[in-house]
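Working notes for the structure below.
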There are 2 protein chains.
Amino acid sequence: MSLVKVINTPNPSAMRDDRRRRDRERRLIEATLDCIANLGLRETTVQDIAAAAGMAVGSISQYFEGKEALYTAALDAIATEFAARVAERLAAAGDAPAERLRGYIDAYFDASTGQRRKVAVWFAFWGEVRAQPQYRSVCEEHDRAHDATVEALVADVLREARRDPTDAGALAKLLTSSCYGLWLELLTGNPKPSRESLHALAYRQLAALFPSHAADFAWREGRPHA
Amino acid sequence: MSLVKVINTPNPSAMRDDRRRRDRERRLIEATLDCIANLGLRETTVQDIAAAAGMAVGSISQYFEGKEALYTAALDAIATEFAARVAERLAAAGDAPAERLRGYIDAYFDASTGQRRKVAVWFAFWGEVRAQPQYRSVCEEHDRAHDATVEALVADVLREARRDPTDAGALAKLLTSSCYGLWLELLTGNPKPSRESLHALAYRQLAALFPSHAADFAWREGRPHA
DNA sequence: TTTCAATGAATGAACATTCATTCATTTATT
DNA sequence: AATAAATGAATGAATGTTCATTCATTGAAA
């Protein structure tokens, strides 16, 4: 009785507590992303994370089961953010298949999603994805939805071009693969390429895969629109 | 004097020792590659490496300055092997630009170079390349030569197609990027793609980037030739 | 309204574990 | 027999985790 009452009553202090809790969780995750990007998964210590978050080491266990759980949460966070960014772009795009596909690509080279810091984290986790099943699960979970989305976008463009929509799977793989490969350039490229230059290359990839829509994928200064 | 003498005189026992030394170094490097592929850079211990090599932990310090030096040697080993494989393919190819470019791509999906084990190692190091300058150096060193090679190959194909050879840099980046992205599929793909299927996709990428030579890049069962 | 007791979040020093390195001993080679 | 190489147990530095203590916040009592 009283338990149910407590749960159902959204008393202000409980809400404040909840908010505070979320904030601190978020701070820890952001700190973790910073550390992974700068030090790598291997050299990052809980002391580093705590310092970056401006918290005490002990506080970590208040919010996460341990360092590994925090790592997994960080991976999930960037994967979730990426998915959200894609959804955002698609929502902002019109109905034209080519425009929608362009929006999808824009998500990769977004000021937030495409920053070196984030990309470094992706590669840090990919570097251990074979060895660590928990990272594998997170990736596979997100990939499932992601792959379906891209394939549908590609299929629409193919249909518009009166090409075989059966090809969508293969072309979608080529498209995402080249984006990930371009991301790698952010980490190893010498001299360091700008995010913009990679974004432009991704557009060239689009034009190469869908020559009939090449005009839609022409790079113009000032892209992306957001 | 005597030092020079020793170096110059190839007495049999010294040669045997040298050979033995190389063999054991190689065994340690192979063991390291196995461990990195299976356990990741983080979880691999020197005990794991020693066990995999069938040696004692103490022996490692006989051959390498420490674990990090062994790691760096392992990275250098796969980079060197990859370069050798490319050179091999180019030597085996004829003079036709498209055939040479095809040979270059074949090197990525080679039975040795393209095996999951090797690719996992690449990604393990890329995951730390921003954090570890010594890995960065090795990568940059090899990349320099590699990038020049690809660009030249691409430029030749462009010239043959009477297209602007100035584009070679951009197209070369798109080509290598998509190969690395396809490699990633080997690690995260679900269901696991075969090396062959990725090889075929790489050929599609070639055909997309160089439509005038599409016939040269058609995938046929039985490829690669080696 | 003011005071006081109760709560639990935050902290960081202490602890236990893991692991790279070292080196005295053993084994093989000349 | 002398020399060099290989070994692996011992060592201690590094680091993730734990938990007793502190302290701000909240709600009851005066």
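By convention in this document, chain letters (A, B, ...) are assigned in the order of the sequence lines, proteins followed by strands, and residues within each chain are numbered from 1. These figures come from a predicted structure and were not determined experimentally. Side-chain atoms are counted along with the backbone in the values below, which use heavy atoms only and exclude waters and symmetry mates.
- In this model, the phosphate group of D:dA5 is not approached by any side-chain N or O of B:Tyr63 to a distance below 4.0 Å at OP1 or OP2.
- A:Ser61 has no side-chain polar atom (N or O) that falls below the 4.0 Å cut-off from OP1 or OP2 of D:dT17.
- When all heavy atoms of B:Leu41 and B:Lys67 are compared, the pair lying nearest together is O-NZ, 4.3 Å.
- B:Asp23 has its CG atom 15 Å from the C1' atom of D:dA5, to the nearest Å.
- Atom CD of B:Gln62 is separated from atom P of C:dT26 by 17 Å (rounded to the nearest Å).
- With respect to A:Arg116 and A:Glu185, no salt bridge is recorded, no charged nitrogen being found less than 4.0 Å from a carboxylate O.
- Between B:Glu151 and B:Lys173, none of the side-chain N atoms (NZ, or NE/NH1/NH2) sits under 4.0 Å from a carboxylate O, so this pair counts as no salt bridge.
- Atom-to-atom, CG of A:Leu70 to P of D:dG16 comes out at 11 Å; the value is rounded to the nearest Å.
- Checked for salt-bridge contact, A:Arg117 and A:Glu30 meet the test: a charged N lies under 4.0 Å from a carboxylate O.
- Between A:Arg24 atom CZ and D:dA24 atom C1' the separation is 13 Å, expressed in whole Å.
- Using a cut-off of 4.0 Å between Lys/Arg side-chain N and Asp/Glu carboxylate O, B:Arg85 and B:Glu88 are scored as salt-bridged.
- Rounded to an integer number of Å, the gap from A:Glu25 CD to C:dA10 P is 11 Å.
- Side-chain nitrogen and oxygen atoms of B:Arg20 include at least one within less than 4.0 Å of the OP1 or OP2 phosphate oxygen of D:dA6.
- Using cut-offs of 30° and 60° for the angle between ring planes, the B:His146 and B:Tyr104 rings count as tilted.
- Note: CD (A:Glu68) to P (D:dT17) measures 8 Å, nearest angstrom.
- Among the heavy atoms of the strands, none lies under 4.0 Å from A:Phe64.
- Rounded to whole angstrom, the span from the CG atom of B:Leu28 across to the P atom of C:dT21 amounts to 13 Å.
- With rounding to whole Å, A:Ile60 atom CD1 is found 9 Å from D:dG16 atom P.
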Can you give me the N/O atom pairs linking the protein to nucleotides 11-15 of chain D at distances under 3.5 Å, or say none if there are none?
none

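- A salt bridge links A:Arg89 with A:Asp110: the closest approach of a Lys/Arg side-chain nitrogen to an acidic carboxylate oxygen falls below 4.0 angstrom.
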